[in-house]
Amino acid sequence: MTDRQRVDEERSLEVLNNIENLILEIVTCLSKDEAPALVLPNRSSWDNISFDSAIGLQMSSTSAVMTIRSDCPKTATTLSQILKILSVTYTLVQSNSYATKRDIYYNHPQLFGSQKIVDKIVDDVSCMLKVPRRVLRVLTTSKGVISGDLCYMEEDGTRIDCHSSSAAVAVSANIAGIQNIISSAKFILIVEKDATFQRLLQDDFCTKLFPCIMITGKGFPDVNSRLMVRKLWDVLHVPVFTLVDADPHGIEIMCIYKYGSVAMSFEAQSLTIPSAMWLGLLPSDLERFPGVLCSPSPRLMKTNWTASSNGPM
């Protein structure tokens, strides 16, 4: 058994024990004719967040919590949804199998009502149990794509080659299962927009600047895209650059990769790239374009600035 397999087995046992203890507490309350309740860290509260320059935004305490009670009309449904997720994840971990969040929703659409509720509760359960979501064996379909000097093996043995100069490869849904990474890349380029990524792909960017790796989360990145960049950074130890627009939207996307997000701060260790560097025009660069500064409107300013950049930013 490898070290990784040993750690996975230990964490799986920990998850099973924690879920069993939670259910035992609920059953005990019911036996005493008391209303069951669960206490969850509030993932949207800044009171639970601290900043570490080596990690980014991380959950450092649980001073702000949410109490989900069965005898409260506002939270009774949420409690039943959490219990269903606990039941599903317990079965998945016990049977060493996987399911997507989409699978969970479509198996119980009346209970959850929408995919967003499943997404939120899976993250809440992961935070409550203090384990990464992947340990719960719940996967998410990736929206990001990747290309460049990179080969790796999926957990099921599938060999993935990202060298194609004309088409990108979808980011894996199971980043933790990736192994045998082979790359001589000198840097990783994170691209904000898919349109810009496709333009660079058409211009044979990865070949011209070979060896390198290029990835996009197609706007605000999904967790899998962030996990993928972090895994490559950990393995390859190469610089990571972010190519984003010099506007609040682009800066926020860069900060998510670099510093993380409040909602996923409990997984900061495996999601952030603190050394990521901003590549592209900075707001201060506008001083080099006097005509742009005189533009009558923000929209026109952005149009002129984009044209002046000679690139599809």
Side-chain angles (χ1 to χ4, degrees), residues 53-57 134 140 142-154 159-246 250-261 264 267-282 311-313:
S53 59
I55 299 174
L57 300 177
R134 58 190 176 277
T140 306
S142 302
K143 70 172 185 174
V145 291
I146 189 168
S147 181
D149 183 39
L150 176 66
C151 290
Y152 59 86
M153 185 177 292
E154 298 272 16
R159 192 69 185 170
I160 305 297
D161 189 340
C162 304
H163 283 85
S164 174
S165 59
S166 59
V169 175
V171 172
S172 173
N174 183 11
I175 304 299
I178 290 177
Q179 50 191 318
N180 298 336
I181 293 176
I182 299 175
S183 174
S184 57
K186 300 300 183 184
F187 66 91
I188 298 168
L189 177 65
I190 301 171
V191 182
E192 173 189 349
K193 298 176 180 177
D194 184 45
T196 306
F197 180 92
Q198 296 301 331
R199 171 65 182 273
L200 292 174
L201 203 63
Q202 292 172 9
D203 289 344
D204 214 11
F205 175 87
C206 291
T207 299
K208 293 176 180 177
L209 275 76
F210 184 87
C212 67
I213 296 171
M214 185 169 64
I215 184 171
T216 179
K218 299 182 179 180
F220 280 93
D222 57 314
V223 172
N224 287 335
S225 296
R226 294 166 62 189
L227 285 170
M228 186 67 172
V229 177
R230 175 61 193 238
K231 189 178 187 75
L232 292 174
W233 183 62
D234 285 338
V235 173
L236 302 178
H237 306 291
V238 295
V240 176
F241 300 98
T242 57
L243 182 62
V244 300
D245 283 348
I251 294 170
E252 183 177 6
I253 288 174
M254 180 197 66
C255 288
I256 289 175
Y257 281 108
K258 186 177 179 70
Y259 302 118
S261 61
M264 295 300 294
E267 276 203 61
Q269 293 278 3
S270 58
L271 288 173
T272 61
I273 308 97
S275 66
M277 293 172 279
W278 187 353
L279 179 67
L281 291 177
L282 307 179
M313 285 290 290

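Quick caveat, the model's predicted, so the values are computed rather than measured.
- With no hydrogens or angles considered, a side-chain donor-acceptor pair links D149 and S184 at under 3.5 Å.
- Legend: side chain to side chain donor-acceptor pair (under 3.5 Å) pairs involving residues 232-243, not counting sequence neighbours, sorted by first then second residue: R230-D234, W233-S275.
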For this session: Could you please spell out the steps behind the side chain to side chain contact (heavy atoms under 4.5 Å, CB included) verdict for L232 and L150?
Result: CA-CA 10 Å; L232 292 174; L150 176 66; 3.8 Å; yes
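- Listed here is the closest heavy atom pair of I146 and C162: CG2-SG, 3.9 Å.
- When V191, I188, L279 are each tested for a side-chain contact (heavy atoms from CB on, under 4.5 Å) with F241, only one passes: L279.
- When all heavy atoms of S147 and S164 are compared, the pair lying nearest together is OG-O, 3.3 Å.
- Considering CD1 of I190 and CG of L243, their distance stands at 10.5 Å, rounded to 0.5 Å.
- Rounding to the nearest 0.5 angstrom, the gap separating the CZ atom in F197 from the CD atom in Q202 is 11.0 Å.
- Within the 4.5 Å cutoff, the side chain of V240 has no heavy atoms near those of the M277 side chain.
- A salt bridge does not link K208 to D203: none of the charged side-chain nitrogens sits closer than 4.0 Å to a carboxylate oxygen.
- Sorted by first and then second residue, the ring-ring contact (aromatic ring centres under 6.0 Å, His included) pairs involving residues 163-183 (not counting sequence neighbours) form an empty list.
- Between T272 and L57 there is no side-chain heavy-atom pair separated by less than 4.5 Å.
- From L236, atom CG reaches atom CD1 of I213 across 5.0 Å, with rounding to the nearest 0.5 Å.
- For the atom pair Y259 OH and M254 CE, the distance stands at 6.5 Å (nearest 0.5 Å).
- Every residue two or more places apart in sequence or in another chain was checked for a salt bridge (Lys or Arg N to Asp or Glu O under 4.0 Å) with D204, and none qualifies.
- The pair R134-E267 counts as a salt bridge, with a side-chain nitrogen and a carboxylate oxygen less than 4.0 angstrom apart.
- Only one option out of I273, L271, I175, V171 pairs with R226 in a side-chain contact (heavy atoms from CB on, under 4.5 Å); it is L271.
- Between G217 and Y257, the shortest heavy-atom distance links the atoms N-OH, 3.5 Å.
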Exercise. Does the side chain to side chain contact (heavy atoms under 4.5 Å, CB included) test come out yes or no for E154 and S172, once each step is laid out?
Worked result: CA-CA 8 Å; E154 298 272 16; S172 173; 2.9 Å; yes
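- How far CD of E192 is from CZ of F220: 8.0 Å, rounded to the nearest 0.5 Å.
- Taken from CD1 in I182 to CG in D161, the straight-line distance is 9.5 Å, to the nearest 0.5 Å.
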